[in-house]
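Worksheet: one structure, shown below.
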Amino acid sequence: MTAATYDRSAHDAVELIRLKRDHGRLSQEQIRWMIAAYTDGYVGDEQMSALAMAILLNGMTREEIGHWTAAMIASGERMDFSSLRTPEGGRRLTADKHSTGGVGDKITLPLAPLVASFGVPVPQLSGRGLGHTGGTLDKLEAIAGWQADLSNDALLRQLDEVNAVICAAGPGLAPADKKLYALRDVTGTVEAIPLIASSIMSKKIAEGTDALVLDVKAGSGAFMKSRADAVELARTMVALGTDAGVKTTALLTDMDTPLGLTAGNAIEVEESVEVLAGGGPADVVELTVALAQEMLTAVGITGADPAENLRNGRAMDSWRQMIAAQSGNPDAALPQAAHSHTINAGVSGTMTRMDAMSVGLAAWRLGAGRARKQDAVQAGAGVRMHAKPGDRITEGQPLFTLLTDDEHRIARAQQALEGAVDVDAEGGPYETPELVFDRISASDLTD
Ligand code: URA
């Protein structure tokens, strides 16, 4: 049932809102009608926000979430990569990754070319950042000349020739989700697990990837603050992907601490290039390799060592081709912020905590992120971290460098970082928490 074909008189929005308010189950037909009528404008924002709040409070069954996701997919176009063929004529399976978002999460940048360097097409349709988590497109736009927008034909051609594409998701993909997500953003209903899961998975299923690896983050810098909620979200998304015929797995990863030593745009590109050159921070390398392994296994490539292609330059070759194919210059100097300010350690000891949310907020206030969709981001803005939990630090040594084009932003960024770091002056033993703390695949789902 598309927006053009549904029957306005078939249902009544108030009845459906009452049904969910009173803990009832919505049928497939009712869900399809509601999404079609909302996309069309027949059901108003006030009615959809009441339903979204009832869903947040009372939840949905796996069946309802499946129908909701299918209805959002049906609101737009579906992409099809089945024309990608080997020279012998066999199907080339595509693999994609989606992260639920975190601070310093630049993993898509080294990951897409790394997986592509094994001959796997990676269609990575991405978004821009809103709030304290950065957007992949904002980061890549720090590279001179790089273009985020590709037509469907250009995307398919680049996938065939270069294997890796990171580009903007077009407006035709799940338009119902675009409208609903903007509404949830202003009605306190973003955090509903059925709505997050269906929002993410409708776009990924409509994109048409064969395999999908989810990086579901838990912690202060993530959507899901608790590990239990992150596991529930991961299970819901793996179930949706599996039911839709997409080979889906999820890694559950820590987001109490920022990833790597940079949070911003150009500085995250710089760190990603270090990883592609065989170096870079250990946590960024660990997660990139773990996700690459999952993606390769999902398309039937076993026994490969992704770390080897970071060391031998193959992943870097893929990166350069991928950037150049979208008019970017991989050799151009990255933009630098006009102003910098260093924050030094007040005491000596062992760092035991660095709060991801505080670092994300500081980077955002410095101009790396946007408060409104229409705002521009500063390519050079962000936070460089000079130490991480587990490191021994000495009073007076630099902890953070704040970067921005607007000097007046520094004071508010400094405020965000007050209390962001704990130091054990005794310098006692510190145990680094596991970065990947769980994995969910279809075989872990019982119902
Ligand atoms: N990302 C999405 O695409 N949708 C959500 O609901 C939350 C995060």
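Count residues from 1 along the sequence. We count ligands from 1, going down the list as the structure has it; atoms in each ligand are counted the same way.
For ligand 1, the 4.0 Å heavy-atom shell contains residues Tyr181, Arg184, Ile196, Ser199, Ile200, Lys203, Phe223.
Applying the 6.0 Å contact sphere to CZ of Arg85 captures more than 12 heavy atoms from other residues, nucleotides or ligands.
None of Lys247, Arg92, Lys204, Arg91 except one satisfies the salt bridge (Lys or Arg N to Asp or Glu O under 4.0 Å) rule with Asp210; the exception is Arg91.
With sequence neighbours left out, Asp12 forms a salt bridge (charged side-chain N to carboxylate O under 4.0 Å, His left out) with no residue at all.
Inspection of the Glu15 and Gln30 side chains reveals no N or O donor paired with an N or O acceptor under 3.5 Å.
Residues Glu64 and Met60 come closest through the heavy atom pair OE1-CA, 3.2 Å.
Between the Trp33 side chain and the Tyr6 main chain, no donor and acceptor come within less than 3.5 Å of each other.
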